[in-house]
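In each ligand, atom 1 is the first atom listed, and ligand 1 is the first ligand listed. Atoms considered below: every heavy atom in the structure, side chains included; atoms not considered: hydrogens, waters and symmetry mates.
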Amino acid sequence: MKFFLSAPHMSENELKYIQEVFKSNYIAPLGEFVNRFEQSIKDYTKSDYALALNSATAALHLALRVAGVKENDLVLASSFTFIASVAPIYYLKAKPIFIDCDETFNLDITLLKQAIYESEKKPKALILTHLYGNASKMDEILEICKENNIILIEDAAEALGSFYKGKALGTFGEFGVYSFNGNKIITTSGGGMLVGKDKQKIEKARFYSTQAREDCLHYEHLDYGYNYRLSNVLGAIGVAQMEVLEQRVLKKREIYKWYKEFLGDSFSFLDELENSRSNRWLSTALIDFKLNELFKEKKSICITQKDLPLHPKISKLIQDLKKEQIETRPLWKAMHAQAVFKGEKAYVNGNSELFFYKGICLPSSTTMSKDDVKEISYLILKSIRG
Ligand SMILES: Cc1ncc(COP(=O)(O)O)c(C=O)c1O
């Protein structure tokens with residue numbers, strides 16, 4: 001591929017820190033760099049406690065477990081997201097209730113209220129995804145969770161470097177998670193972080209992440225856990241990547257602006273929520289779309305559970321760009337429309353189907369220049385006009 005959606009972007013210090021790890025021979029399992037990585041996330045996000053793990057999926061699993069989610073408990077969740085946000089609900093044999101999105105791509109407040117109101121028993125937790133790095137309506141969501149005693153878990157896997165009213169996404173709820181997989185804004189090649197407000201709960205998650213070993217000389221287990229911790233080598237990459245996070249955010253935001261400049265006449269670009277800063281992890285665009293047409297159009301497109309259609313121009317565009325070695329992708333296909341979750345309760349309004357139909361994720365690697373974005377935009381316009 002000539003242009004990936006979001007390629008890893010190393011700075012200069014990753015190799016230097018990895019060499020330090022090798023010199024110390026602490027390549028595994030834990031070590032100084034894992035601690036430093038946790039500290040750097042705490043410093044940047046102002047979160048109280050942090051636990052470095054081998055994926056954000058693991059972080060979500062542990063968050064649900066230490067939140068006390070058990071078999072048959074109800075867990076509310078953003079539907080317009082990647083499956084990793086919600087698969088851990090199934091790991092614990094709990095039941096998801098999917099909530100569609102509003103015009104921001106994120107959780108629809110009216111549907112959230114309706115779901116809680118109509119629920120036969122009190123949902124225990126809410127997994128809230130900040131999609132593509134864009135902030136959700138935090139004031140309203142926090143209030144609803146507080147009123148209904150629902151534990152908020154923020155899936156900020158895509159949103160490290162995003163803020164709402166000056167506060168880092170991922171730090172509003174009782175728990176937040178970040179991902180460092182290969183395509184995220186910073187990467188350790190694979191990795192995740194659980195942050196939280198309650199020391200005991202994060203320490204419990206730490207305990208579960210290393211096979212629930214009791215504190216004694218031999219291996220004693222009163223409970224079972226997982227092998228979820230991050231290695232010191234990857235911690236070293238993380239520390240170096242955190243040093244350039246802010247630069248990466250600024251570049252991603254520039255890329256978004258450039259696409260808007262070149263493609264703004266043919267595509268719609270969603271604005272940031274007021275008082276927020278998105279890290280613009282992936283630049284996304286919607287074809288033939290005006291926000292005020294949303295409600296008119298979605299009536300004809302709303303299809304749930306079945307195969308969802310893509311706009312013919314979008315499927316052609318993805319194929320045309322592939323031939324030019326340019327990676328693009330449709331937006332996430334909502335969880336309530338996935339066969340694996342057939343039969344689960346969902347509160348839908350047609351928005352995620354409409355966004356799926358009209359949307360595209362554009363190459364957003366921070367290694368790209370303005371000329372690269374110009375070249376890609378030229379090919380996009382050629383494809384949709386041809
Ligand atoms: C919204 C969202 N949640 C969770 C994840 C899972 O992250 P990881 O790959 O680190 O497990 C990802 C990305 O992969 C994601 O985009």
Side-chain angles (χ1 to χ4, degrees), residues 4-8 34 37-38 41 50-65 75-91 96 98-101 104-107 125-136 152-162 169-170 172-173 175-195 205 209 226-231 234-235 237-238 241-242 252 278-284 327 329-336 338 340-341 352 355-356 359 361 364-365:
F4 286 99
L5 272 180
S6 186
V34 173
F37 189 28
E38 288 175 352
I41 286 283
L51 169 63
L53 297 160
N54 56 18
S55 72
T57 314
L60 285 160
H61 184 191
L62 291 174
L64 286 170
R65 181 139 179 225
V75 179
L76 299 153
S78 302
S79 188
F80 196 32
T81 187
F82 178 47
I83 193 167
S85 307
V86 294
I89 300 172
Y90 269 17
Y91 301 174
F98 296 117
I99 314 287
D100 213 333
C101 63
T104 66
F105 285 178
N106 287 325
L107 202 78
L126 164 65
I127 301 177
L128 171 73
T129 303
H130 303 291
L131 211 66
Y132 304 118
N134 300 326
S136 307
L152 177 61
I153 300 169
E154 288 176 81
D155 181 350
E158 303 175 356
L160 181 62
S162 298
L169 297 187
F172 288 85
F175 302 99
V177 316
Y178 303 110
S179 170
F180 311 109
N181 85 14
N183 68 12
K184 291 299 179 286
I185 190 154
I186 60 163
T187 181
T188 56
S189 76
M193 191 77 67
L194 175 66
V195 296
S209 73
Y226 319 91
N227 180 7
Y228 275 173
R229 292 246 45 198
L230 192 75
S231 90
L234 302 191
I237 301 175
Q241 286 274 280
M242 281 302 288
K252 291 264 189 196
S278 170
N279 68 4
R280 296 296 192 196
W281 168 58
L282 287 187
S283 286
T284 60
E327 185 188 22
R329 205 192 284 152
L331 304 192
W332 296 120
K333 179 176 171 181
M335 292 304 108
H336 67 261
Q338 301 282 358
V340 63
F341 297 122
S352 52
F355 292 142
F356 178 80
C361 297
S364 309
S365 300

*Using side-chain contact (heavy atoms from CB on, under 4.5 Å) as the criterion, list what pairs up with Ala159, not counting sequence neighbours.*
His130, Ala156, Ser162, Leu169

_CD1 on Ile99 to OG1 on Thr81, rounded to 0.5 Å_ = 13.5 Å

*In terms of side-chain geometry, is the basic nitrogen of Lys252 or Glu158 positioned less than 4.0 Å from the acidic oxygen of its partner?*
no

*Could you tell me whether the side chains of Ser79 and Asp100 share a donor-acceptor contact shorter than 3.5 Å?*
no

_For Ser365, give me all partners under side-chain contact (heavy atoms from CB on, under 4.5 Å), at least two apart in sequence or on another chain._
Phe4, Ala7, Thr367, Met368

Go ahead and list the nitrogen or oxygen contacts between ligand 1 and the protein that come in under 3.5 Å, distances to 0.1 Å, or just say none.
| unit_1 | atom_1 | unit_2 | atom_2 | d |
| --- | --- | --- | --- | --- |
| ligand 1 | 3 (N) | Asp155 | OD1 | 3.3 |
| ligand 1 | 3 (N) | Asp155 | OD2 | 2.7 |
| ligand 1 | 7 (O) | Ser179 | OG | 3.3 |
| ligand 1 | 9 (O) | Asn181 | ND2 | 3.0 |
| ligand 1 | 10 (O) | Ala56 | N | 2.9 |
| ligand 1 | 10 (O) | Ser179 | OG | 2.7 |
| ligand 1 | 11 (O) | Ala56 | N | 3.3 |
| ligand 1 | 11 (O) | Thr57 | N | 2.9 |
| ligand 1 | 11 (O) | Thr57 | OG1 | 2.4 |
| ligand 1 | 14 (O) | Asn181 | ND2 | 2.9 |
| ligand 1 | 14 (O) | Lys184 | NZ | 3.3 |
| ligand 1 | 16 (O) | Glu158 | OE2 | 2.6 |

*State which residues pass side-chain contact (heavy atoms from CB on, under 4.5 Å) with Thr187; sequence neighbours excluded, sorted by chain then number.*
Pro8, Met10, Gln241

